[in-house]
Amino acid sequence: MSALSDILERRARLVAEADAQRSALARELAACRRVVIVADRGIAWAGWLRARPYLVVAAVTAIAVLQPKLALAWSARLITLWRAGRFLYEAVKPALAPRDS
């Protein structure tokens with residue numbers, strides 16, 4: 001019977017430890033909630049814009065016509081951002097590929 005009581009005590013201790021870990025994880029994730037919400041909205045907007053490329057072209061054309069200096073300044077930033085994104089994607093791409101076993 002002592003083996004059974006040891007198992008039950010260990011089980012109770014593990015359940016309590018799992019509850020404590022679950023609560024700690026919930027507190028830590030609550031701190032990141034706003035960041036996740038903003039990122040989720042950004043991804044949703046990007047998907048919406050990707051489905052409507054004509055809106056992006058119209059906005060860029062309007063800015064280029066109405067504010068050429070602003071368009072030139074932002075085009076340099078966007079090209080740099082694009083190149084950095086492509087570089088990072090190419091660096092991460094092998095890790096994203098399915099592994100051949």
Side-chain angles (χ1 to χ4, degrees):
M1 281 293 203
S2 72
L4 181 59
S5 63
D6 289 343
I7 291 172
L8 292 175
E9 287 176 20
R10 182 168 186 255
R11 180 183 183 279
R13 190 174 63 246
L14 289 174
V15 167
E17 185 178 329
D19 286 339
Q21 289 175 351
R22 195 175 299 113
S23 298
L25 182 61
R27 281 191 307 274
E28 291 174 14
L29 288 178
C32 299
R33 186 170 191 265
R34 288 185 182 159
V35 174
V36 172
I37 288 172
V38 170
D40 188 44
R41 286 181 185 163
I43 291 169
W45 271 102
W48 187 83
L49 283 174
R50 182 174 264 188
R52 295 161 183 84
Y54 55 87
L55 292 176
V56 176
V57 171
V60 169
T61 303
I63 291 171
V65 169
L66 298 174
Q67 300 276 335
K69 288 183 181 180
L70 179 67
L72 185 61
W74 275 99
S75 66
R77 291 178 184 142
L78 288 173
I79 288 172
T80 303
L81 184 64
W82 175 263
R83 287 182 179 168
R86 292 301 301 169
F87 175 77
L88 289 173
Y89 177 74
E90 292 298 325
V92 175
K93 191 175 172 182
L96 297 176
R99 302 194 188 275
D100 295 329
S101 296

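- The two residues Ser2 and Ser5 come nearest to each other via the heavy atoms O-OG, 2.8 Å.
- Interatomic distance, CG of Leu72 versus CZ of Arg77, reported as 10.5 Å (0.5 Å rounding).
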Item to complete: Applying side chain to side chain contact (heavy atoms under 4.5 Å, CB included), run through Trp82 and Arg86 and close with a yes or a no.
Response: CA-CA 6 Å; Trp82 175 263; Arg86 292 301 301 169; 3.6 Å; yes

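- Criterion: ILVMFWY side-chain heavy atoms under 4.5 Å apart, direct or through other members. Under it, Tyr54 and Ile63 are not part of a common hydrophobic cluster.
- Note: the hydrophobic cluster containing Trp45 also contains Val60 (ILVMFWY, side chain heavy atoms under 4.5 Å, direct or indirect links).
- In this structure, Ala64 and Ala71 approach most closely via the heavy-atom pair CA-CB, 3.7 Å.
- Classification of Arg13 and Glu9 as a salt-bridged pair fails, no side-chain N sitting under 4.0 Å from a carboxylate O.
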Discussion item. Does Trp48 form a side chain to side chain contact (heavy atoms under 4.5 Å, CB included) with Leu55? I'd like the steps, not just the answer.
Written reply: CA-CA 10 Å; Trp48 187 83; Leu55 292 176; 3.5 Å; yes

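- Between the CD atom of Gln21 and the CG atom of Leu14 there is a distance of 9.5 Å, given to the nearest 0.5 Å.
- Note: Leu88 CG to Glu90 CD = 10.5 Å, rounded to the nearest 0.5 Å.
- Counted within 6.0 Å of CZ on Arg10, heavy atoms from surrounding residues, nucleotides or ligands total 12 or fewer; the atom is thus considered open.
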